[in-house]
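Heads up, the thing below is written out as structure tokens.
In this text the structure is predicted, and so the values were computed from the model without any measurement. Counting starts at 1 for both ligands and their atoms, in listed order.
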Amino acid sequence: MLIKDSISQTSSAQPLTAGVVFDIQKFSVNDGPGVRTAVFMKGCQMKCVWCHNPESLSSQKQLAFNAEKCVGCRRCEQVCPNGVHSFDAEGNHKVDFDACQTCGQCVDTCMQDALKIYGKEMTVEQVFVEVIKDKVYFDKSGGGITLSGGEALKQFEFCLALAKMCKANGVHVCIETNGASKAEHYRTIAPYVDLFLFDYKATGDELHKALTGMTRRLVDTNLRALNEINASVILRCPMIPGYNVSDAHFAAIAMLAQTMDNIQKVEVLPYHNFGRGKASEIGTDYMVDAEMPDDEVIESWLNRVRHYGEIEVTLS
Ligand code: SF4
Ligand code: SF4
């Protein structure tokens, strides 16, 4: 079937729904089963101290500057209408991120690829066209689309329309979620989602709030709601040494996975510091000072969760 036929079968005469997408990663093997196209949406309700996608936190488009690529040609300074780029007496490039209106003029003029804008408005149909190109790989591998972020469900109408379009065209749909969207959003979108990749970030209300900015209350309510409608869930557990790793945490994960039969398995996501460089590029602080775990430490985490429950635990 032609792509335009796929779209016309599932679109009505309603106006096109648009969202702000900051990346589309094809051939992803870490965002659900099989080979997947991961669509990363901007905006998040939480602010996890270890966030590996700090460019996703704001709902708005954002300028990013890579100082290592900059050769100081000052072309950006000449074209910017808002005085965002300046140079001190030593020739150091200063960027006033708050003054940027994301017009993109400096990005277009930079010959070194040192500047970029995170976030692009795309319609559901535009994203679907990118996704459906890889259907043959999805079908062969048991893959599909994964809506991620940020928190994908912050752009709920967009996600719902895209999930419906994908389901109508036989594409397996995963949503990666922090669990903190409105309860009605989970219930409404669930019929069009094959699998929720649901975060379990920290055990205990106080710690969860300290590490993410929100308590566990809404997250736990939504996890129970998905259990009540028997929606398939993989529990995704980031492990950040010195921040959320504890025996109480391993035990709580195992207990949850054992008591909710819609939870297929637990995936452990070991800490990495890829977010550090990206935070610096968009002019924000990186808030974690943790060690990257080695293989032995990671294996011990998997075994600690297994110790507390008869459940499948894998590395993501
Ligand atoms: S245009 Fe690019 S390379 Fe030149 S000063 Fe600006 S960021 Fe640096
Ligand atoms: S995107 Fe536009 S407003 Fe922002 S720094 Fe570049 S030229 Fe200036």
Around atom 4 (Fe) of ligand 1, find the nearest protein heavy atom and jot down its residue, atom name and distance. C73 SG, 2.3 Å
Indicate if Y186 and M214 have the same hydrophobic cluster label, given that clusters are the connected sets of ILVMFWY residues with side-chain heavy-atom separations under 4.5 angstrom. yes
R306 and E299 ion-paired at < 4.0 Å: yes
Report yes if the distance between the aromatic ring centroids of F274 and H52 is under 6.0 Å, otherwise no. no
R74 and ligand 1 - part of the residue with a heavy-atom distance under 4.0 Å: backbone
Is any side-chain heavy atom of E281 less than 4.5 Å from a side-chain heavy atom of Y118? yes
Where does L115 meet ligand 1, judged by heavy-atom distances below 4.0 Å: at the side chain, the backbone, both, or neither? side chain
Closest non-hydrogen protein atom to atom 2 (Fe) of ligand 1, residue and atom name please, with distance? C110 SG, 2.4 Å
Protein heavy atom at shortest distance from atom 6 (Fe) of ligand 1: C76 SG, 2.4 Å
Around atom 2 (Fe) of ligand 2, what protein N, O or S atoms are found below 2.8 Å? C103 SG
Can you list the atoms of ligand 2 that are under 4.0 Å from a heavy atom of H85? 5 (S)
How about F40 and F22: are their ring centres within less than 6.0 Å of each other? yes
Mutual orientation of the aromatic rings belonging to F65 and H93 [parallel < 30°, tilted 30-60°, perpendicular > 60°]: tilted
G149 versus N53, closest heavy-atom pair with distance: O-ND2, 3.2 Å
Counting backbone and side-chain atoms alike, is an N, O or S atom of C70 positioned under 2.8 Å from atom 8 (Fe) of ligand 1? yes
If the cut-off is 4.0 Å to any non-hydrogen atom of F87, which atoms of ligand 1 fall inside it? 5 (S)
For the residue pair R216 and Y200, would you count it as a cation-pi contact if the rule is NZ or CZ under 6.0 angstrom from the ring centre and within 45 degrees of the ring axis? yes
By the definition side-chain contact (heavy atoms from CB on, under 4.5 Å), identify the one residue from T17, L153, V124, T188 that meets it with L160. T188
Using a strict cut-off of less than 4.0 Å between a Lys/Arg side-chain nitrogen and an Asp/Glu carboxylate oxygen, indicate whether R224 and D220 qualify as a salt bridge. no
